[in-house]
Each structure stands twice: as structure tokens, then as C-alpha cells.
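Naming convention: chains lettered A, B, ... in sequence-line order (proteins, then strands); numbering from 1 in each chain. Excluded from the calculations below are hydrogen atoms, water molecules and symmetry mates; all remaining heavy atoms, backbone and side chain alike, are included.
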Amino acid sequence: MADKYSPAEIEAKWQQRWEADGLYHADIDPKRPKHYALTMLPYPSGDLHMGHWYAMTPADAHARYMRMNGFNVMFPMGFDAFGLPAENAAIKRNIHPKEWTYANIKTMRQQMRTMGNMFDWRREAVSSDPEYYRWTQWFFLQLYKKGLAYRKMAAVDWCPKDNTTLAREQVVGEKRVCERCGTPVIKKNLEQWFFRITNYADELLHFEGLDWPEQIRTLQTNWIGRSEGANVTFKTEGGDEFTIFTTRPDTLWGATFMVLAPEHPLVAKVTTQGQKKAVEDYVSEATRRTDIERESMEREKSGMFTGGYAINPVNGERVPIWTADYVLMTYGTGAIMAVPAHDERDFAFARKFDLEVRPVIQAPDAKPLDGKTMTEAAAHYGVMVNSGPLTGTNAEEAVKKTVAYLEKNKLGKGAVGYRIRDWLISRQRYWGAPIPMVYCKTCGVQPVAESELPVVLPDDVEWKPTGESPLKLHPTWKQTTCPNCGEAAERDTDTMDTFMCSSWYFLRYLSPHYDKAPFDPKEYDYWMPVDVYTGGAEHAVMHLLYMRFFWKALRDLGIVEGHEPAMKLRNQGQILAGDHQRMSKSRGNVVDPDELVRQFGADTVRAYLMFGYRWSEGGPWSDENIQGVVRWIFRVWSLFTEGAGGGPRNTAAGQKLCRKAHQTIQSVTRDMEAFEFNTIVSALMELTNVMQEAKDAGAAGGPEWMEAQDILLRLMAPITPHVSEELWARGGKKYSVHLQGWPLADETAAKEDEITLVVQVNGKLRDRITVPADIGENEAKERALASEAVRKQLEGKKPKQVIVVKGKLVNIVV
RNA sequence: GGCUCGGUGGCGGAACUGGCAGACGCAGAGGACUUAAAAUCCUCCGAGGGCAACCUCUUGUGGGUUCGAUUCCCACCCGAGCUACCA
């Protein structure tokens, strides 16, 4: 008698059994090839939501697939527990961040267990544990010693709501808002810690050997923003040298004024007595403007003539020097030559202040440019005109020849500019790893001794943000002694950007409790690098870039080997609410996975998330579509638990089933490799349908039937681990289905012996004929020409050409 | 403005290397079972025309290459993401 499919019962049962047996423990085993499957770890900001399920369960399915293929698979999980999300949630509820975070971790751990994933929980790492952040601090010290961490005063991005500085990468969107809370950021002059990610700008552009999505590589490449050009040294009339960066050295003869950033050190010096007041006013206004909300900033050009002049080194011309805030102190040299005829921004500036526009590049087939009448800059390349010795040089070589000319005459040289800035890692927040540095009145900045780590984050702090670092307000915490001279000194009271914690978490999974180093070298040697990394594309220029930088820095420190931490990257899309909006509590459109698990079981939720969407795309949640998967699992259940049904043995049906089963192995295997889970589930549904047909035809119980059952359960095991295990056990097979090998397709069995040949006339479908699969070209042609429908179409006309595509079609051209 | 990705039935989505467009599902229609409903099962299901065999149209729009284009090329429209005074 068939009993009812009861997911709640069987899922709990198997989860307990797997746990008790340590079925998913990943231990070093030199006899088996390893596979490190990593999925991005969650912030413990509250409940586990649909996005976590969508990211983690297909990743789990793939990890399980690798395991069935003979790999020793490690699939660890942890919590990115420090940082703003947890802290803000805690503030809102007036609970201490530590209490809130650890309570959430406890709940989320339980929720994650209901997914039925093959996480090895013994390897769990929590970044807010002292045994974890001890090593985050240790890494900071290593970077500091290598000169990759430095402190400087700079105009930095500040979030007025979260009361902290942010890295450039964490300021997003048109309105330049805080990545976490959406508040427009402002600029503040502060002394902060930075990591020299710019040292690695060039290397980070290289993705050789990495199987990463094009999209991520493009985003990172654009973010790094490499541009080639030249540095050219100009002299002021007063004799001071200053260097400008340009990507268009070929326009050097068209420079009609110079622009210095308002913060440029030379501004004060070149300013004449007559312009002094006006320039000082402009500079202070420009500096103040960076403090005002960015939103109100207009694109209208502003600037002030300094009264000073520079000498153009290529032609000795006297060029006026201006200062304007459209030139940024943080890019290039903070100074430019302005070529209004060929640069949009310079053009707008020149028109506004009535400065000369002089064309020096001419497009070959266009009317000669006239600086007086031009209405927009001509930014294209072309033939150089009015350019002294280089006049006549054409587009392809103009830039190169100019650089060569500059170098030969010692006027400048080729140079490369990058858009990326150093990574600002200081945060004026409580819930993070304290920066392990000490300030001594006599010895200056001193690193905490490694033996003193971790610098423990105190609990008894007024942790609500005030704009000052909470640790600064603690009565005693910051008081310490100088590691160098032993006199009284003060600790750094900022904490580290949580992206620092997540830049190395995959190394901590190797040995989360190891206390001699950040990781156990034995584990490292076996498991690293990460073979497959899965997660959201929104981390393209944050976590995914930081992580690569961090790894390269560790490599140069001799801590790790190899150039990249994760070889293959796959991104999932986002699950939206049914109304195509992002799920959010404020919109009230959140679908609770716990509720769905109660209603349908984890297997159904897993299978639906894999079936309903192209994984890389995501899409809106649908309560209706999940019904298809509910029915499918139920049909599979019935197929295995109901009696074989009577009827005579039907060999044709059995053969068809056998063929379908082996074809399904082929397609599911192919799609697993490609992370295309939706077509995996539909292929499994098709196989189920053919099994039903075979059963109705009386083939149940036969050898093909038994084989198909075996194949279906193995193929389903990664997708729906619980029901597969249950039906596997009920079939009297050896525990566990998850320890079985992935089925191998028998090519001969999968082969069709008859195929449908498409017959076209002039590329239009006219007939379909059933022929033996191995039909020869000539015979196919003959049979097609013999077709009734074709003869009707031809009306006696002679075919001009007949194209035969083996196994596919015959096209008759008249 | 720049870069990137995408646009296929009422809906989610298939289509491997240029070769039957719409697999697999959802929703819908009709039928079986039932006192009835739910569940389940069977049939139909891109649009238009035709009693029918069948014909015509159809993968954002317009061109092109090809025996043949959802797939390749060009232009344009629309949407999403990233970026934005980066010289």
C-alpha cells in the first residue's frame, strides 16, 4: 500500500541521519581529487530569506554532483558577522550588536539546516569571533609591515546617516549614496587607513587562467579604469615645474590654457597679486563645496584665472593657468593641459570663460575645423595640423609618435593612469575588528605586537553611532602602552571595513579553530585554491575585487601561493517578489522560505528555485508555478511507491524508457557542468513522464524499469536530496544515495534508431519523414524527393540544388 | 553621455556548432471520475484563415549575409545593471 508523501517527516529524518553519520564531513584524503565549492557567506542581519535559498541550494546541487563524480568535496558555511547591517539592525531594536548578531546566527544556522545542504558545519567560521578577527588583525599588521597599509589625511566619503567613512567602492549610483543605507555621502577631511590596492591595479586587470563571467571581468576592468597617455612637464613663468597627465598627447599643440585642481600646491604660488583675493575665494568655495551634499552639485563649469602663465614645452607658447574644480587632485597629477578643441570638458570651460579654441587634429574627410565657430569638441583621432614638427602625422601613430617625440626631447614620457583608488578601510563604528595600531607621543604610529592579538572589542561601550568612533568614548579601552617605548599611548579607535574580514574567510574555513596561524598549512596544501565560487554579481567591484587584491598581497608576503584565490566563478541572479519588485519588509512582499518549507518541503522549494528561472538571471517569485514542481515530486513518489501495475510486458515501451533514461543522463550531466539547473529539472520531468508511459504500457518491473528508477534517483539526488534518499532506501538499496556514483550514459542505449528528417523546399518546412538514424545522404535525398508534399510544391519543376544535413534535414532549392 | 547584458506565446522559460521556434511547466478550455467539490487522469492550447486536408504570418523594428537566421553582421527602438567632470 502506497503511503502519502510527507516531506516534513522524511526531511527531518534524513537530516538527522546525515548529521549523525557525518555524511558531509570533508576531510583531507590524498587518494581522492579535492573540490572546494564556496558560496558567499551571509550577513546575520535577520532571517534567512529567499535570496539565500536561491543562491545556496543550486550551489549545493552542483557540489553534490561533483561529489557523486568522485571528488572529495568541501562545501563550508559561515557568517560575515561584523559590520553595518547587523549593527544597524541592532540599533533599531536597541539590542547590543553582539547579542543580536549571535542570536541571529543561531536562528539562521537552524534555518539553513532545513535546506538539506551538504555543509560541513565543523568548518563554520564566524568573523566576529575573537579567534577569527585575531587573524584579520594579524593580516592588517602583515600588510602594514609590507607597506601596503598606510595612513593619510584625505577628503574621504562620509555617510552622515551611518556616521562613518566609506571606501570608494561603497559609494554607489548616480547620487553617490552609501551602499548600505542609501544616504547621499558627503566629503570630509580625515586621517584614515588605506590599503594600496592601486599597487596591484595592473595585475588585477589580468584574468588569465580564470573562468569568470565576462560581466564581472568587464566591471572590474572598467572600475580599475586603466588609460594610457603621457606625463608632460610644464614650467611656470616663475620657473616652477609641474607635470600634467594626458591621454591625448597628440593634441599638445592645441593646449590653450592649463588647469590646476583647487587643492594643487602650486595654485597659491602662481597666483598673481591682482588675482589673489579672487583665487583664494574660489579655492575656499570649491573646498567647501565638497562638504555640501553632492546632489545639489551642478555640472556647470566654474573656475578662476590665477594670473600666472606656463610655457608649453613643445612650442614655447605662453599659456594662462586657471584653477577649477573639474580637475580632481586625486586623479593623474591634479593638473591638466586644456585642449578645448578636442575635449568636451575643456571646450565647455573655454566657451564659458571665452578662452581660445585651437583645432590641431583634423578628420581626413571632414571640413576643416574652425575654433571660433565649433559648437562641440572634436574628440576623435585624425591627422595632426598646426603641430610643429609632427604636423601631418595621422591617427594611428599620432599618439605614439608624440610620446616618442616627448621622450626624445626630454619633455615628458609615456604614462598610465588608473581610476581605482586605494581602499579606505577605517570605520568609525563599533561592530568591527579594532585596528591593531597604537599612537605614541614619542614613537608615533606603532603596530600592536602579534603576541598581543587579538585586540579585543569591548562589550561595555556606548555603541550607538555619534559620529565619533564608539571606542574613543570608552573610559579606559584606548589607554595602553607603546609597544616600542613602553610609555602611555593610545589605541586606534576605528574598526576595520567588514570587507576586510570577508577577503580571507575561505582560508579560515580550512581550519577555523587553528591557533598558530590564520590557517593550517596541511589543510591549505590539500584544499586550495577554491574550485568553484558562487554568489551575487553585485559584489563585482567590492568583495570580488578586494578578495583578489588581498590574495595577491598575501602571495607577495609569502603566505599563500598562486595568483588567484578562486578559479571559477558563477553568479546567480536575484529572486524578486511576485510584483517584480525587490522583496522587502517595507513593501510587504516578502515570501518566507520557512513557510514554504512547512507547506511543501525543502525538496520542492529547492527544485522550484532551480526549475523556475535561469539561475544566472533570477526573476519574480510565483506561487502558481511552484505547483508544477509539487505535482512532479508527487508523481515521482507515486511512481516508486505504487504497485507495478499489471498488463503484459511491453518491450517497445521498455526500450523507449531505456533510451530516454540514458539521454537524460547526457543532458543532465551537460547542464550540471554549465550550471543550468532549469533544464536539468525539465529533463528529469520528461524522464518521469516517459516512466509513467512505460508503466501504463506494462513495462514496470522489467529490467529497463529498474534501471530507469536507479538512474532517476541518482540524477535527482543533488536537486532533491531527501526524497531521493527516502525512495532509494525504500527500494532496498544501500545507504546512501549520496554516496553513489554519478550514472554514466551508455551512448548506444541513448541513440535513436529512427529519426524525423525535416524536408524543406526553399528553406520552408514542407514535410517530415521518419527514416533510420544512419540513413545515407543519397537515400535521404531520394526519400525527400519522393515525398508527396514535396512533389506538390515542386509542381514538376527541377530542383536546382539539394542540401542534406546528416540526421537533421533535406532542403530542396528550386 | 560611456560601457555591459538582455528583448521569444497570457506567464516562467527551452532551442547544444546557422538547420522542425515555443521543450518542460504554470495559467486557460473541454472531458472522465464524483451527489458535489478538491485532488487525480485524458484531450486541446502562438496568431489569422479554412468544414477539412492545408495555407499564411510570427523570436523588439528595419536592412544585410546564407539554400536556410531566435542564433552571424549593420542601423535603430525599448528595458536592466554598472559608471559618470578620471583629463
Could you check how far [atom1] of [X] sits from [atom2] of [N], rounded to whole Å?
X: Trp615(A); N: A14(B); atom1: CH2; atom2: P; answer: 15 Å
X: Trp223(A); N: C82(B); atom1: CH2; atom2: C1'; answer: 10 Å
X: Phe677(A); N: G13(B); atom1: CZ; atom2: P; answer: 16 Å
X: Glu179(A); N: C82(B); atom1: CD; atom2: C1'; answer: 14 Å
X: Asp346(A); N: C85(B); atom1: CG; atom2: C1'; answer: 10 Å
X: His342(A); N: C85(B); atom1: NE2; atom2: P; answer: 23 Å
X: Asn231(A); N: A87(B); atom1: CG; atom2: C1'; answer: 12 Å
X: Glu754(A); N: C20(B); atom1: CD; atom2: P; answer: 20 Å

query: Between Tyr613(A) and G12(B), does any side-chain N or O lie under 4.0 Å from OP1 or OP2?
result: no
- prompt: Counting only side-chain N and O atoms of Arg614(A), is one of them less than 4.0 Å from OP1 or OP2 of G6(B)?
  reply: no
Taking the [atom1] atom of each, how far is [N] from [M], in whole Å?
N: U58(B); M: G48(B); atom1: P; result: 15 Å
N: A14(B); M: G60(B); atom1: P; result: 15 Å
N: G63(B); M: U70(B); atom1: P; result: 15 Å
N: C26(B); M: U65(B); atom1: P; result: 44 Å

- line: Per-residue pairing states of RNA chain B in dot-bracket (Watson-Crick or G-U under 3.5 Å; . unpaired, | other strand) read (((((((..(((......[....))).(((((.......))))).((((....))))..(((((..]....))))))))))))....
Mutual orientation of the aromatic rings belonging to [X] and [Y] [parallel < 30°, tilted 30-60°, perpendicular > 60°]:
X: Tyr613(A); Y: Tyr54(A); value: perpendicular
X: His543(A); Y: His539(A); value: perpendicular
X: Trp637(A); Y: Tyr5(A); value: tilted

Looking only at atom types and distance, does a side-chain atom of [X] sit under 3.5 Å from a main-chain N or O of [Y], one as donor and one as acceptor?
X: Thr323(A); Y: Leu260(A); answer: yes
X: His264(A); Y: Ala335(A); answer: no
X: Thr243(A); Y: Asn231(A); answer: no
X: His342(A); Y: Ala378(A); answer: yes
X: Arg606(A); Y: Ile719(A); answer: yes

- request: Could you tell me whether the side chain of Phe353(A) reaches within less than 4.5 Å of the side chain of Phe257(A), counting heavy atoms only?
  value: no
Which part of the nucleic acid, if any, lies within reach of [X] when heavy atoms closer than 4.0 Å are counted: base, sugar-phosphate only, or nothing?
X: Ser227(A); value: sugar-phosphate
X: Gly612(A); value: sugar-phosphate
X: Gly578(A); value: nothing

field: Test item: side-chain donor near acceptor, Ser302(A) and Tyr282(A), under 3.5 Å
entry: yes
- prompt: Taking atom types as modelled and ignoring hydrogens, do the side chains of Glu169(A) and Trp423(A) form a donor-acceptor contact shorter than 3.5 angstrom?
  reply: no
- prompt: Got a sec? Which of residues 211-221 of chain A come in under 4.0 Å of RNA chain B, heavy atoms?
  reply: Thr218(A), Leu219(A)
statement: Per the under-4.0 Å heavy-atom filter, residues of residues 678-689 of chain A near RNA chain B come out as Asn678(A), Thr679(A), Ser682(A), Met685(A), Glu686(A), Asn689(A)
query: Taking 4.0 angstrom as the limit, do Glu752(A) and Arg659(A) come out as a salt bridge?
result: yes
Check ion pair Arg217(A)-Glu214(A) (N to O, under 4.0 angstrom): yes
Where do N or O atoms of nucleotides 72-75 of chain B meet protein N or O atoms at under 3.5 Å, pair by pair?
none

message: As a quick check of understanding, evaluate side chain to side chain contact (heavy atoms under 4.5 Å, CB included) for Leu166(A) and Glu179(A), giving each step before the final call.
response: CA-CA 9 Å; Leu166(A) 297 168; Glu179(A) 178 254 340; over 6 Å; no
Can you tabulate the close N/O pairs, meaning under 3.5 Å, that link protein atoms to atoms of nucleotides 66-71 of chain B?
residue	atom	partner	partner atom	Å
C67(B)	O2'	Asn811(A)	ND2	3.4
C67(B)	O2	Asn811(A)	ND2	2.4

query: Can you list every pair that meets side chain to side chain donor-acceptor pair (under 3.5 Å) and has a residue in residues 755-770 of chain A, with sequence neighbours left out?
result: Asp767(A)-Ser787(A)
- line: Residue pairs meeting side chain to side chain donor-acceptor pair (under 3.5 Å), one or both in residues 250-262 of chain A, sequence neighbours left out, come to Arg248(A)-Asp250(A)
Atom pairs under 3.5 Å, N or O on each side, protein against nucleotides 26-33 of chain B: can you list them with distances?
residue	atom	partner	partner atom	Å
C26(B)	OP1	Arg631(A)	NH1	2.4
C26(B)	O4'	Asn625(A)	OD1	3.4
C26(B)	O2'	Asn625(A)	OD1	3.0
A27(B)	OP2	Arg631(A)	NH1	3.4

Test side chain to side chain donor-acceptor pair (under 3.5 Å) applied to Ser227(A) - qualifying residues, sequence neighbours left out: Tyr331(A)
Could you write out each protein N or O paired with an N or O of nucleotides 50-60 of chain B at a distance under 3.5 Å?
residue	atom	partner	partner atom	Å
U56(B)	OP2	Arg766(A)	NH1	3.3

Distance-only donor-acceptor pairs under 3.5 Å for side chains of residues 569-580 of chain A, two or more places apart:
residue	atom	partner	partner atom	Å
Arg570(A)	NH1	Asp211(A)	O	3.4
Arg570(A)	NH1	Asp211(A)	OD1	3.3
Arg570(A)	NH2	Asp211(A)	OD1	3.2
Arg570(A)	NH2	Asp211(A)	OD2	3.0
Asn571(A)	ND2	Gly535(A)	O	3.1
Gln572(A)	OE1	Gly535(A)	N	3.4
Asp579(A)	OD1	Gln581(A)	N	3.1
Asp579(A)	OD1	Asn589(A)	ND2	3.3
Asp579(A)	OD2	Asn589(A)	ND2	3.3

query: Can you tell which of U83(B), A15(B), A87(B) lies closest to the side chain of Val172(A)?
result: U83(B)
Sequence neighbours left out, cut at 3.5 Å: what donor-acceptor pairs do the side chains of residues 679-690 of chain A make with other protein atoms?
residue	atom	partner	partner atom	Å
Thr679(A)	OG1	Asp671(A)	OD2	2.8
Thr679(A)	OG1	Glu676(A)	O	3.2
Ser682(A)	OG	Thr679(A)	O	3.2
Glu686(A)	OE1	Lys660(A)	NZ	2.9
Thr688(A)	OG1	Trp632(A)	NE1	2.9
Thr688(A)	OG1	Leu684(A)	O	2.7

message: Tell me whether the side-chain N or O atoms of Lys808(A) pair up with the base of C20(B) as donor and acceptor below 3.5 Å, since no angle test is needed here.
response: no
field: More than 12 heavy atoms from other groups under 6.0 Å of NZ on Lys352(A)
entry: yes
